[in-house]
Each structure stands twice: as C-alpha cells, then as structure tokens.
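Since the structure comes first, as structure tokens, the remarks are kept for the end.
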4 protein chains.
Amino acid sequence: MTDRQDRSHTRIEKILDAAVEIFSRKGYRDSGVDDIVVESQTSKGGIYFHFPNKQAIFLTLLDRMANLLHSRAEEALNAEPDLLKKGDALLLNMLKTFGSHRRLTQLFLVEALGAGHEFNDKIMELHGRFSTLVQSYLDELVKAGVVAPINSQVASIAWFGAVNETVTRWILTGQPVNLEDAYPTLRLLLRRGVGLN
Amino acid sequence: MTDRQDRSHTRIEKILDAAVEIFSRKGYRDSGVDDIVVESQTSKGGIYFHFPNKQAIFLTLLDRMANLLHSRAEEALNAEPDLLKKGDALLLNMLKTFGSHRRLTQLFLVEALGAGHEFNDKIMELHGRFSTLVQSYLDELVKAGVVAPINSQVASIAWFGAVNETVTRWILTGQPVNLEDAYPTLRLLLRRGVGLN
Amino acid sequence: MTDRQDRSHTRIEKILDAAVEIFSRKGYRDSGVDDIVVESQTSKGGIYFHFPNKQAIFLTLLDRMANLLHSRAEEALNAEPDLLKKGDALLLNMLKTFGSHRRLTQLFLVEALGAGHEFNDKIMELHGRFSTLVQSYLDELVKAGVVAPINSQVASIAWFGAVNETVTRWILTGQPVNLEDAYPTLRLLLRRGVGLN
Amino acid sequence: MTDRQDRSHTRIEKILDAAVEIFSRKGYRDSGVDDIVVESQTSKGGIYFHFPNKQAIFLTLLDRMANLLHSRAEEALNAEPDLLKKGDALLLNMLKTFGSHRRLTQLFLVEALGAGHEFNDKIMELHGRFSTLVQSYLDELVKAGVVAPINSQVASIAWFGAVNETVTRWILTGQPVNLEDAYPTLRLLLRRGVGLN
DNA sequence: AATGAATGAGAGTTCATTCAT
DNA sequence: CATGAATGAACTCTCATTCAT
C-alpha cells in the first residue's frame with residue numbers, strides 16, 4: 001500500500017519535474033505531452049493516469065509555486081519582528097524565492113499567460129494572493145500610524161508589479177545576473193513609495 | 001495608383017482591425033487565421049498576400065501599439081515644461097492611452113507574453129522602450145539635483161512594472177472600472193519612490 | 001474447494017452481469033473495460049484473469065443468450081404435441097424469451113452485428129441455430145404433407161428475419177410496449193406464409 | 001466557379017467512394033480516417049474540409065443508399081399498374097437494388113449498427129422509410145378488399161425483416177450467390193403471408 | 001486470485017501555410 | 001490581387017492489454 005503510494009508519488013514527481021523543464025523551455029503551448037513523456041521517461045498513458053489532461057499538470061505546478069512562494073513569504077513576515085522591516089524581509093524573500101526557482105517562476109509569471117484565456121482568472125487569483133499579503137502589511141503600517149493613509153489596494157498591486165517586472169526581465173533577458181542585486185534599489189523605491197523613512 | 005494603394009491600405013487595415021478583435025478575444029494561440037478571415041471578410045490567400053504569416057500580423061499590431069504609446073508619451077513629456085511634473089504627465093498619459101485602447105493594450109501587455117518564446121525578445125524590446133524613457137527622465141532628475149542618485153535602470157523597470165500590473169489587472173478583471181482612478185495613488189507612490197517630495 | 005469455485009463463480013457472474021449492463025447501455029465499441037470494472041466492482045486484473053480479452057466477455061454473453069433461447073425454443077417445441085401448433089408455440093416462446101431478457105436480446109440482435117467484423121461468423125452461426133430449428137419444423141410439415149414443398153432454408157431465414165426486425169424495433173424504439181402484442185399478427189403472417197390454413 | 005464546383009464535387013465523390021470501400025471492408029469503427037485518405041488519394045485536411053467529421057461521411061453514405069433504394073422502390077411500385085403485382089415488383093426491385101450495391105447495402109444493414117448508439121434513431125428512421133412503403137401498399141390491398149384486414153404496421157415490419165435477414169445473410173456469408181435466387185420463395189411467403197392467393 | 005499503475009499504438013481532429021485558378 | 005480548396009505534420013487524449021506486487 002505504502003509501497004504503491006510511494007511509487008505513485010515518485011512517478012508523479014518525475015512527471016512534474018519533467019513538465020517544469022519542458023514548459024519553461026518551450027512554453028506551455030509549444031510543449032507537447034510527448035515531450036513530457038520523453039523527459040520524464042514515463043509513458044503517455046502513465047501521465048494520463050495521474051493527470052486528467054495537460055492543463056491539470058500545469059495548474060498543479062502553478063499551485064505549487066504559489067504555495068511555495070506564499071508560505072515562504074509568510075515565514076519571512078513572521079520571522080521579522082520589527083514592523084518597519086517586515087516589508088524589506090518580504091521583498092528580499094520574494095527575490096530569493098524567485099531567484100532560486102527560475103523555471104517555476106517562469107511558469108508562474110510568463111507562461112501562465114500563454115496557456116489560454118481560461119487561465120486568466122487563475123493568474124489573477126495567484127497574483128492577488130501576493131498583493132493581498134502586501135496590502136495587509138500596508139494596512140498594518142497605516143494602523144500603526146507609521147505611514148499616512150493610502151489606497152492600499154492600488155499600492156499593493158503596484159508593489160507586486162514592480163517586483164513582477166523586475167523578475168520577468170531577469171527571466172527573459174538574464175539581467176540582472178543575480179536577481180538579488182535589484183534588492184537595494186527596489187527596497188528604497190518601495191519603502192519610500194509607501195511613505196516609510 | 002492611389003486607388004490601388006488605397007484599396008490595399010484598406011484591406012490591410014481590415015485585416016489588422018479584425019486581428020486585434022480576434023487576438024484580444026481569444027488570445028494569440030487560440031486565434032485561427034480563419035477567424036481573422038471571417039472577421040475581416042477577406043480570404044486566406046488575401047491575408048497571406050499581405051502578411052507572410054500569423055506572427056507577422058501580431059508583430060505589426062505590437063509595433064503599432066508601441067509606436068502609439070511611445071509617441072504619446074514623448075508628446076506628454078515635451079508638453080510639460082516643468083521637470084518635476086513631467087513624470088506625472090507621463091504616468092497620466094500612459095493610463096489614458098492604455099485606458100482608451102483596451103484591446104491593443106491587452107495584446108501589448110498580456111497576449112504578447114503568452115504568445116510563445118519567439119516573442120520574448122520583442123516584448124523585452126518594447127517594454128524596454130518605455131522603461132528607457134522613464135530612465136532618461138530619472139537621470140535628468142538626478143542630474144538636476146532634485147533627487148538623490150539611484151540605480152535608474154532598476155527603478156525605471158519597477159516604475160513600468162507598477163503601471164503594467166495595474167493595467168493588466170484592469171484588463172483581466174475590469175478593476176478599477178476607470179483606469180485613471182488609479183492615478184492618484186500611483187502618482188504618489190512613484191513620485192515618492194524615486195525621491196520626489 | 002467448493003468455496004473457491006463459488007467465489008470464482010460469483011466473480012465471473014458479477015463481471016458478466018456488469019458487461020450486459022454496460023454493453024447494452026453504451027454498445028460494444030463504446031464500452032470500456034474500465035466501465036465494466038466499475039460496474040462489477042472488480043478490477044482490471046481480475047477481469048483479465050477470468051477472460052482473455054474484451055471480445056471473450058462479449059462472446060460468452062452471446063453464447064449464453066443463444067443457449068437460453070435455444071433451450072427454451074426446444075422445450076416449447078417438445079411441449080406442444082400438435083405438429084400444426086408447434087410453430088405458434090415456438091413463435092410465442094421466442095417473443096416471450098426476448099421480451100423478458102431485453103438487454104441480452106439487445107446484445108444478441110443489435111450490438112453483435114455492429115461489434116465488428118470479427119463477430120460476423122459468430123452471428124451467422126447463432127442466427128443459423130434458430131433458422132435451422134425453424135427449417136426442421138418446416139421440413140416436418142412438408143413431410144407430413146400438411147404444407148406444400150417449399151425452399152425451407154430461405155423460408156426459415158425469412159421467418160427468423162421477421163421476428164428479428166420486430167424485436168429489434170421494440171428494443172430500439174420501445175414499440176410495441178409489450179412485445180407479445182405483435183404475436184397475433186406475426187402468427188397469422190408466418191402461418192399463412194408457409195402455407196398453413 | 002463551375003470549375004471549382006466540379007473539382008470540389010469530384011473530390012467529394014472520391015472521398016465517398018473510398019469511404020464505402022473502407023467502411024464495408026473494415027467496418028465503421030475499425031476504419032480510420034487515414035484509411036480513407038489513402039484509398040481516396042487525398043489528404044486528411046482535404047477530407048475535413050469537405051466533411052465536419054468521420055460520422056458525417058458515414059451519414060452521407062447512409063442517406064445516399066436510403067435515397068437510392070427509396071426512389072427505385074417507388075419507381076417499381078409506380079411502373080407496375082396491377083395492384084396485386086405491385087408487392088412482387090417491390091420485392092424483386094429491392095433484391096435487385098441490394099444485390100447490385102453490395103457494399104452500400106452492407107453499410108445500410110450491418111455497419112450502421114456498429115457506428116454507435118447515436119445512429120440508432122437514424123437506423124430506425126431508414127428502416128422505417130421502407131416498412132412504411134410496404135405498409136401503404138398493404139393498406140391499399142385491404143382497402144381494395146383483396147385481402148382481409150391486418151395490422152399493417154406489424155406486418156410491414158415483418159415483411160421488411162424477412163428481406164433484411166435474407167440480404168444480411170447474403171452479405172455476411174455470400175449465400176445465396178445470387179440474391180435474386182431468393183425471390184421465388186420470398187415472394188410466395190410474403191404474398192401468402194398477407195393473404196394474397 | 002486480485003490489484004491498479006503503467007504501457008504505447010493509434011484514434012479523430014486542427015490549423016498554419018501553400019498554390020492552382 | 002484575391003480566392004478557397006488542399007496539404008500534412010502535429011496535437012491531445014483513449015483504451016485494450018500487461019505485469020510487478
């Protein structure tokens with residue numbers, strides 16, 4: 001039983017690993033299920049035994065990345081006791097997480113848009129999870145009286161967008177070589193933007 | 001002669017108009033050339049007479065939007081004599097231009113990223129044209145001594161990203177109803193971010 | 001021993017019962033072995049332990065129906081001592097048997113023909129068993145001098161076809177509601193056709 | 001224009017001819033569109049340009065056969081002025097038509113059942129067209145007073161079934177070699193069955 | 001005996017592109 | 001210039017069958 005589950009688990013991981021590789025290399029639409037078959041050294045039937053369709057594989061990866069990012073982000077926020085530094089911690093952590101999962105990040109920020117309009121809602125939901133996190137933080141800052149009231153929703157979207165574009169450019173052009181190099185400038189910009197310092 | 005050019009011009013315009021409609025409605029990959037044939041009331045052969053392939057139609061539209069946006073942006077910058085207000089003018093102008101060309105904007109900011117890896121270079125080039133514009137402005141501010149030195153490249157990318165995410169969300173979710181409603185908050189954020197006021 | 005046989009017997013019966021249900025509901029070709037797995041609450045391996053392949057399951061059902069029908073038919077013929085009434089008894093009995101085994105009948109008369117060319121020989125063999133029965137009866141009638149000589153082979157095929165079409169229509173359209181309602185007319189037709197009365 | 005129509009017409013005919021050949025040789029379900037491509041010396045895209053799917057090709061053939069059979073049947077009935085002989089004319093004509101279109105007949109009487117349950121209604125409709133023809137004739141006989149009242153619906157279905165089974169057997173076993181050899185016996189049977197002579 | 005994960009050949013269908021007219 | 005019939009490679013997905021456990 002446990003044996004079977006293990007094997008099944010392993011197989012699913014192999015498929016997902018291969019899918020990340022293929023999707024990020026060729027893009028969602030240009031990736032064939034056959035490519036994943038070859039990369040994962042499994043079989044078509046095997047893949048369709050574990051996933052109902054190609055979309056489901058992609059969605060699984062998207063959710064994984066979102067969960068990873070989200071849990072890391074929350075950890076970072078919780079680990080930093082100083083309210084004024086939580087934002088910096090969040091930013092640095094996101095850059096680190098994105099930077100150390102290049103391919104998953106690519107699926108998350110780039111390829112998802114090419115998977116078809118059915119994914120649009122999903123994308124906005126995922127983006128929303130992070131801007132909401134930022135928004136909560138901004139609201140806390142306001143409530144604590146350390147920054148002046150602001151439209152925290154628009155601000156958090158802009159905050160996420162600034163990071164998003166930086167990371168996207170890193171993915172598509174390789175610039176900057178180390179994503180974290182963007183940290184000092186982004187930190188300054190975002191802190192001052194919301195009115196800290 | 002002129003007649004022919006006119007007819008040709010008209011035909012090309014009909015195709016491009018149809019393409020905007022179709023691409024923004026279904027996404028680049030889910031749009032068939034046949035869809036454009038129907039929408040433009042032309043023919044398969046007609047389209048392939050004027051464009052070498054589907055990609056070229058999309059690239060033409062992308063360039064159009066980029067040119068439109070760029071010329072409007074430069075106009076806005078030139079029309080505003082006050083250096084400190086040029087940034088606000090640029091921002092407002094971009095929101096207005098995006099807001100009044102919903103579908104082209106969608107192609108520019110959403111569909112292009114998902115259209116496949118062949119478009120990646122083009123996208124970065126187009127995004128780059130705008131962040132470069134911003135970057136030049138930031139450099140001017142620094143040179144004029146009104147803001148402290150900053151990594152203007154990273155900052156301009158972040159600036160563009162903030163706008164980008166706001167507009168993208170507007171396109172995909174319809175929020176905010178009027179894109180320009182985001183202006184005050186974005187203005188405040190971006191001004192303060194680079195160190196103005 | 002007996003226990004094992006019983007369990008096996010039960011298992012095989014469960015599979016066959018499920019197969020009748022599935023095959024008659026979806027047709028032979030549109031029925032998946034997985035459908036039978038679910039319906040029978042067994043497993044893929046279990047089915048392939050008891051049957052070499054999908055075809056064999058279907059053939060088993062076909063033979064069952066043929067045997068059932070054949071034994072009933074012989075009983076009916078034997079139970080009726082009056083030679084002139086044997087034909088009527090056979091007809092009534094067939095309508096009753098078909099009418100009380102709707103799904104098996106469907107496999108026998110409808111699905112089998114459409115199951116593919118591999119089944120053609122089998123079908124003709126099964127149909128033949130019944131027309132041969134009729135043929136023997138006709139030959140007896142001729143030998144007894146109660147009807148004039150006739151090509152009993154062609155006649156028996158026609159006889160079976162008349163019943164077949166009536167039953168098929170009942171299966172596919174539900175008309176007549178009670179299959180036996182067709183008896184009086186069919187009886188008259190078939191009796192007179194071969195020259196009785 | 002006419003040129004194009006001609007070519008198109010020719011192409012469609014080539015596809016349909018190939019489809020008859022393939023469907024009757026391998027059965028509907030065991031025939032691949034690729035088989036038709038090869039047989040017709042066209043291309044997959046070409047086939048799907050003219051037909052929306054595989055089913056449509058089959059339906060077209062079914063309708064063709066039905067129309068052919070129906071028009072021939074009506075001609076035969078009209079050509080025979082003697083009411084008492086119309087039935088014989090119809091029977092002979094059907095045997096001749098079936099006999100001279102072996103493959104189309106096979107699709108009509110055998111393969112259609114294997115195309116899936118979606119075809120069941122169609123099949124009954126087609127069979128119905130012929131039994132209705134017979135039914136009208138029987139009603140005329142009754143009205144003319146030459147035969148005693150009878151349930152003409154059941155009788156016509158039985159009539160068609162007798163022919164159907166005979167023809168089906170001819171198709172599947174090749175017996176009798178000449179389908180028309182069955183005529184004398186069938187004629188006798190069916191005439192006497194309804195009460196003629 | 002029984003299970004269900006795994007296989008892979010093959011299915012129908014799509015669609016960017018070509019080209020004879 | 002314009003047309004639309006034709007092409008064929010490529011796609012996602014299915015399913016009877018196998019086999020390690």
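Just so it is clear: chains get the letters A, B, ... in the order the sequence lines come, proteins before strands, and each one is counted from 1.
Applying a 4.0 Å cut-off to non-hydrogen atoms, the residues of residues 53-63 of chain B that approach DNA chain E are B/Asn53, B/Lys54, listed by residue number. For residues 19-39 of chain A, proximity to DNA chain F is found at A/Ser31, A/Gly32, A/Val33, A/Asp34, defined as any non-hydrogen atom under 4.0 angstrom from a strand atom.
Relative orientation of the B/Tyr28 and B/Phe23 rings is tilted, given thresholds of 30° and 60° on the angle between their planes.
Remark: A/Asp34 pairs with A/Lys44 by the side chain to side chain donor-acceptor pair (under 3.5 Å) rule, at least two apart or across chains. Applying the salt bridge (Lys or Arg N to Asp or Glu O under 4.0 Å) test to C/Arg102 and every residue at least two apart in sequence or in another chain returns nothing. With sequence neighbours left out, the ring-ring contact (aromatic ring centres under 6.0 Å, His included) criterion links D/His127 to D/Phe160.
Side chain of D/Lys26 to main chain of D/Gly32: no donor-acceptor pair is present (N/O by atom type, distance under 3.5 Å, no hydrogens or angles). Side-chain N or O atoms of B/Ser40 include none that pairs as donor or acceptor with a backbone N or O of B/Ala18 at under 3.5 Å.
Listed by first residue number, the stems of DNA chain F with at least three Watson-Crick or G-U pairs below 3.5 Å are E:2-21 with F:2-21.
Look at NZ on D/Lys14: it is 9 Å from P on F/dA6, rounded to the nearest Å. Rounded to an integer number of Å, the gap from D/Gln41 CD to F/dG8 P is 12 Å. Between A/Phe49 atom CZ and F/dA16 atom P there is a gap of 15 Å when expressed in whole angstrom units. A straight line from NZ of A/Lys44 to C1' of F/dC15 spans 13 Å, rounded to a whole angstrom. Taking atom NE2 on A/His50 and atom P on E/dG4, their separation rounds to 13 Å, with Å as the unit. Following rounding to the nearest Å, D/Tyr48 (OH) and E/dA16 (C1') show an atom-to-atom distance of 18 Å. Between the CD1 atom of C/Ile47 and the C1' atom of F/dT17 there is a distance of 12 Å, rounded to whole Å.
B/Arg29 has a carboxylate O that lies under 4.0 Å from a charged side-chain N of A/Asp30, or vice versa, which qualifies the two as a salt bridge. Using a 4.0 Å cut-off between a side-chain N of Lys or Arg and a carboxylate O of Asp or Glu, A/Arg64 and A/Glu13 qualify as a salt bridge.
The CZ atom of B/Phe119 lies 5.0 Å from the CG atom of B/Leu59; values are rounded to the nearest 0.5 Å.
Between C/Gly45 and B/Gly45, the residue anchored closer to the 5' end of DNA chain F is B/Gly45, taking for each the nucleotide with the nearest heavy atom.
Looking at C/Lys122 and C/Asp63, their side chains come closer than 4.5 Å, going by heavy atoms from C-beta outward.
Of the candidates E/dT14, F/dT3, E/dT3, the closest approach to any side-chain atom of C/Ser43 belongs to E/dT3. In this structure, the nucleotide among F/dT7, F/dT3, F/dC1 sitting nearest to the side chain of B/Arg11 is F/dT3.
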Next on the checklist: If you apply the rule side-chain contact (heavy atoms from CB on, under 4.5 Å), what do you find for B/Met65 with B/Leu107, and how did you get there?
Outcome noted: CA-CA 9 Å; B/Met65 183 60 187; B/Leu107 301 195; over 6 Å; no
